[in-house]
Amino acid sequence: MTLRQVCRSPVHNGPAAWSEILGPAAARPALAGEVGCDLAIVGAGFGGLSAARRLRQIAPGTKVVVVDAGWVAEGGAGRNSGFMIDLPHELTSHDYAGTGEGRDKILTRLNRQAIDWAGEAVRDYGIPEGYFQRSGKINGAASDVGQRGNTSYAAHLSALNEPHELLDEKAMREITGTGYYRSGLYTPGTAMLQPAGYVRGFAEGLARDGVTIFEKSTVLRFESTGSGWRLHFAGGTLSAAKVILANNGHLESFGFKQGRLMHIMLNACMTEELSEAQLRALGGKACWGITPSDPMGTTVRRISTAQGGNRIVIRQGGYYRPDMETSAADLERLRVRMRQKFEARFPMLSSVKFQYAWSGHLCLSKNGVSLMRELEPGLFSACVCNGLGTARGTLYGIGAAELACGQTSDITAFFLEEDEPVKLPPHPFDTIGANAYMRWKEWQARLE
Ligand SMILES: Cc1cc2nc3c(=O)[nH]c(=O)nc-3n(C[C@H](O)[C@H](O)[C@H](O)COP(=O)(O)OP(=O)(O)OC[C@H]3O[C@@H](n4cnc5c(N)ncnc54)[C@H](O)[C@@H]3O)c2cc1C
């Protein structure tokens, strides 16, 4: 049995702010000694925890152990913007409006299934309502290009009988308090998460339901034992008949799909808590979420006490980093840029400081596919979020659990029909090309 090395472990830059604002959670132990189970899941994010819940539903007698290199919600789960989105960003494809059920249409239906399924978990696990709100989102437009994008998107939605509402400048100001946006396009299907609260509550629910979770337990090596798999940690080993790798881009660190996965480090900032006077100066509603009409633009959220404080969260700018790390200099450059974006939108809040700035890792494939499949006998993957892992991660987690139990569904069928991620140009050409492309697209979307 060859012992295979995991070449890289997650490294975080900046705090997982969504988790920080909730205060510390009760720590779980790290894996120690020799532990055995039927099914081991690597990664306690959206993918891994969804897989564990699905296993509880379809194979309740299965002994499930989840391990994560960090604390629950310290990784991507505590670093994202919390939009659990049903619709694709582009609706211009013939595929969507065609007569058959094209890929976008299927994915929209599955995303809605994932959001419903997550809503059931919220009820079952007693997760606070403020951590999962089916309140929809607004596509904000601040330029002519953005307005044209929203108008065209709205026309497609009308043709498809999808509910939506076009908002004018006044309506946008009444919601957000800022006069920055010239129009908006509201769609009701997105669930807005306090992502760390949701994931922490999910993990607590699973633990009450008999799933064992080990934190600060990094898989360092792994091997096939013939009858199953053994994972090696600093303090012990975990043997399992089957394993689901739900570690997103770190699938590559386990030696799979090398040269095919794109690692993007995305960045965000969160303000300190706004005072009563600052809230009055801002005006608008207590809770809203804006995605940019151009995906390379700036995402902005206003959250309130139900999510951990009256604050503004802003996300802008990413780097292509095959080593899955950002530097302090990367983050500082983007913090300065996010400050400019913040002040352009909220001149009345110029005295408000950013309390947190952070980077997070997401994984894309050039052809937009995820990896939910059996990699080797008994070894499954639920990875490659393509930037939308709150919904997609939920889906590939469900799918991997079903696949590991020999079940089929619309979800397994969708992922199993996907192609392989296409090959990327060799280093450093991939890095140079991707970063140049991203800077150019960000420049084009600079007002959005
Ligand atoms: C700034 C930012 C904003 C974003 N906004 C959104 C958004 O609004 N909506 C959306 O849908 N998505 C968003 N995303 C993307 C989203 O965060 C990811 O898609 C999602 O977290 C993927 O979930 P996952 O469970 O597949 O992987 P992850 O959340 O990355 O979880 C994988 C887990 O595997 C663990 N792991 C890795 N290697 C090992 C190892 N060797 N041993 C043990 N454990 C290991 C990691 O610690 C990690 O916790 C955003 C991301 C960023 C960075």
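Indexing begins at 1, ligand by ligand and atom by atom, following the structure's order. For the numbers below, each heavy atom of this structure counts, side chains included, while hydrogens, waters and symmetry mates do not. Computed from a prediction, not measured in an experiment: that's the story for all the values here.
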- Counting each atom of ligand 1 from 1 as listed, which ones have a heavy atom of Arg79 under 4.0 Å away? 1 (C), 2 (C), 3 (C), 52 (C), 53 (C)
- Message: Among all the protein's non-hydrogen atoms, which is closest to atom 16 (C) of ligand 1, and how far away is it?
- Response: Asn80 CB, 3.9 Å
- Item | Heavy-atom check, side chain of Ile290 versus side chain of Tyr181, under 4.5 Å | yes
- Message: Quick check on contacts: which atoms of ligand 1 are under 4.0 angstrom from a heavy atom of Tyr396?
- Response: 24 (P), 26 (O)
- Message: Just to be sure I read this right, does ligand 1 sit under 4.0 Å from the backbone of Leu362, its side chain, both, or neither, counting only heavy atoms?
- Response: side chain
- Validation row, ring centre His250 to ring centre His361 under 6.0 Å: yes
- Proximity flag Ala246 to ligand 1, non-hydrogen atoms under 4.0 Å: yes
- Give the contacting part of Ser217 toward ligand 1: side chain, backbone, both or neither, where contact means a heavy-atom distance below 4.0 Å. backbone
- Message: Show the atoms of ligand 1 that are less than 4.0 angstrom away from any heavy atom in Gly43.
- Response: 33 (C), 34 (O), 35 (C)
- Message: Check Arg109 with Asp86, please: is the shortest side-chain N to carboxylate O separation under 4.0 Å?
- Response: no
- Task: For this output row, return yes or no: ring centroids of Phe346 and Tyr180 closer than 6.0 angstrom.
- Result: no
- Task: State whether Tyr125 and Arg53 meet the cation-pi test: NZ (Lys) or CZ (Arg) under 6.0 Å from the six-membered ring centroid, and within 45° of the perpendicular axis.
- Result: yes
- Query: Side chain, backbone, both or neither: which part of Ser81 comes within less than 4.0 Å of ligand 1 when only heavy atoms are counted?
  - Reply: both
- Item | Those atoms of ligand 1 less than 4.0 Å from some heavy atom in Gly387 | 10 (C), 12 (N), 13 (C), 14 (N), 15 (C)
- Query: Are Glu162 and Arg112 close enough for a salt bridge, meaning some N to O gap below 4.0 Å?
  - Reply: yes
- Salt-bridge test for Asp330 and Arg321: reply yes if a basic N is under 4.0 Å from a carboxylate O, no otherwise. yes
- Note on the structure: In terms of its nearest heavy atom to atom 33 (C) of ligand 1, the top option of Val66, Asp68, Ile314, Thr394 is Asp68
- Counting from 1 in the order shown, the ligand 1 atoms closer than 4.0 Å to a non-hydrogen atom of Val42 are 42 (N), 43 (C), 44 (N)
- Subset of ligand 1 atoms that lie under 4.0 Å from at least one heavy atom of Ala77: 21 (O), 29 (O)
- With the threshold set at 4.0 Å, does a side-chain nitrogen-carboxylate oxygen contact exist between Lys257 and Glu252? no
- Item | Side-chain touch Phe256/Leu245, heavy atoms, less than 4.5 angstrom | yes
- Item | Any Gly393 heavy atom less than 4.0 Å to ligand 1 | no
